[in-house]
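Heads up, the thing below is written out as structure tokens.
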Amino acid sequence: MKKTISLILSCMLFAGCSSANTSMKDASLQASTSPDTVTGASTTRTELSGDDYDKAIKNLEAISNDLATKADTEKSGYEEPDSKVAQVLSVNDDGTPSMSTIHAWKVEKNDDNATITVVMTDGRTISNMIQKGCKGTIIIHGDAYYILHVETENVETLEYSDETYNAGKFNSAYSGADAKLNEYTVTFDITDIESTFVYMFD
């Protein structure tokens with residue numbers, strides 16, 4: 001079962017900042033003869049464009065979290081949004097997939113493009129994506145299962161200190177205090193969005 005899950009995740013990853021880039025580029029060249037370069041030969045995934053893309057972005061904006069810090073949640077009148085979790089996937093240096101489940105993410109539409117910002121405790125998944133230009137995949141279950149192919153645009157690092165932690169400046173779901181881990185707020189450009197109804201993530 002573990003081998004099957006690993007194989008599925010590996011197939012879904014678009015790219016990553018790792019030594020796997022060469023093989024991913026080779027696979028991309030081979031995919032150029034398929035229906036499109038994102039979905040390949042899969043008939044269960046649809047690359048979104050035009051009105052379908054705009055509709056997906058609006059849906060994702062509506063179910064985004066507010067990226068609240070612990071201090072934010074303790075303010076009078078704060079109400080946590082009814083948001084969805086997201087699965088963040090990246091590629092390790094050895095070519096294997098890494099995945100983390102998060103609740104702190106926010107999609108925003110700008111004039112030129114759409115972005116997704118995530119807040120994550122330091123770990124293997126996000127460490128693969130904290131250099132500008134790194135690529136990965138984020139899966140979110142909205143009106144459909146959306147597969148967002150993303151590229152790192154900006155990274156803000158909140159270094160751990162007892163003073164900062166006690167002041168509530170880390171995300172409300174931060175879990176790295178015991179190990180004194182840093183926290184990253186990473187904004188990604190959304191380069192492509194696919195939709196599907198057959199994947200298993202909720």
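Computed over heavy atoms, backbone and side chain alike; hydrogens, waters and symmetry mates excluded.
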Side chain to side chain, [X] and [Y], heavy atoms closer than 4.5 Å:
{"X": "Ile147", "Y": "Arg45", "result": "yes"}
{"X": "Arg124", "Y": "Asn92", "result": "yes"}
{"X": "Val118", "Y": "Thr185", "result": "no"}
{"X": "Asp122", "Y": "Tyr184", "result": "yes"}
{"X": "Thr137", "Y": "Val150", "result": "no"}
{"X": "Thr121", "Y": "Phe170", "result": "no"}
{"X": "Ser172", "Y": "His103", "result": "yes"}
{"X": "Val88", "Y": "Met129", "result": "yes"}

With a 3.5 Å cut-off and no angle check, do the side chains of [X] and [Y] form a donor-acceptor pair?
{"X": "Asp189", "Y": "Thr191", "result": "no"}
{"X": "Glu108", "Y": "Thr115", "result": "no"}
{"X": "Thr187", "Y": "Thr117", "result": "yes"}

When rounded to the nearest 0.5 angstrom, what distance separates [atom1] in [X] from [atom2] in [Y]?
{"X": "Ile130", "Y": "Glu156", "atom1": "CD1", "atom2": "CD", "result": "13.5 Å"}
{"X": "Ser98", "Y": "Leu89", "atom1": "OG", "atom2": "CG", "result": "8.0 Å"}
{"X": "Leu48", "Y": "Ile193", "atom1": "CG", "atom2": "CD1", "result": "6.5 Å"}
{"X": "Thr196", "Y": "His141", "atom1": "OG1", "atom2": "NE2", "result": "10.0 Å"}
{"X": "Glu151", "Y": "Asp192", "atom1": "CD", "atom2": "CG", "result": "10.5 Å"}
{"X": "Ile126", "Y": "Met120", "atom1": "CD1", "atom2": "CE", "result": "4.5 Å"}

task: Go through the steps to decide whether Ile140 and Ile138 satisfy the test side chain to side chain contact (heavy atoms under 4.5 Å, CB included), and finish with yes or no.
output: CA-CA 7 Å; Ile140 303 166; Ile138 300 175; 4.0 Å; yes
Examine distances only and state if a side-chain atom of [X] and a backbone atom of [Y] form a donor-acceptor pair shorter than 3.5 Å.
{"X": "Thr44", "Y": "Val198", "answer": "no"}
{"X": "Tyr174", "Y": "Gly176", "answer": "yes"}
{"X": "Asn110", "Y": "Ala114", "answer": "no"}
{"X": "Trp105", "Y": "Lys84", "answer": "yes"}
{"X": "Asn65", "Y": "Lys106", "answer": "no"}
{"X": "Thr157", "Y": "Glu159", "answer": "no"}
{"X": "Asp94", "Y": "Thr96", "answer": "yes"}

Testing the basics here: between [X] and [Y], what is the closest heavy-atom pair and its distance to 0.1 Å?
{"X": "Leu67", "Y": "Ala104", "answer": "CD2-C, 3.5 Å"}
{"X": "Ala167", "Y": "Ala71", "answer": "O-CB, 3.8 Å"}
{"X": "Thr73", "Y": "Ala68", "answer": "CG2-CB, 4.0 Å"}

query: Under a single-linkage definition using a 4.5 Å side-chain heavy-atom cutoff for Ile, Leu, Val, Met, Phe, Trp and Tyr, are Val155 and Leu181 assigned to the same hydrophobic cluster?
result: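 No, separate clusters.
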task: Before giving the answer on side chain to side chain contact (heavy atoms under 4.5 Å, CB included), spell out for Asn171 and Thr69 the whole-Å C-alpha distance, their side-chain angles and the decisive distance to 0.1 Å.
output: CA-CA 4 Å; Asn171 185 259; Thr69 64; over 6 Å; no
field: Tyr165 OH: over 12 foreign heavy atoms closer than 6.0 Å
entry: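 Result for OH/Tyr165: open.
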message: Run the side chain to side chain contact (heavy atoms under 4.5 Å, CB included) test on Lys135 and His149 for me, step by step, so that the C-alpha distance in whole Å, both residues' side-chain angles and the decisive distance to 0.1 Å come before the verdict.
response: CA-CA 7 Å; Lys135 297 181 180 180; His149 301 293; over 6 Å; no
Result block: side-chain N/O donor-acceptor pairs under 3.5 angstrom for residues 49-63, not counting sequence neighbours:
unit_1: Asn59; atom_1: OD1; unit_2: Asp143; atom_2: N; d: 2.7
unit_1: Asn59; atom_1: OD1; unit_2: Tyr146; atom_2: OH; d: 3.4
unit_1: Glu61; atom_1: OE2; unit_2: Lys109; atom_2: N; d: 3.1

- request: Test Ile102 against Val85 for side chain to side chain contact (heavy atoms under 4.5 Å, CB included), laying out the working first.
  value: CA-CA 6 Å; Ile102 64 168; Val85 297; over 6 Å; no
- request: Could I get the full list of salt bridge (charged side-chain N to carboxylate O under 4.0 Å, His left out) partners for Lys180, not counting sequence neighbours?
  value: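 Result, salt bridge (charged side-chain N to carboxylate O under 4.0 Å, His left out) vs Lys180: Asp162.
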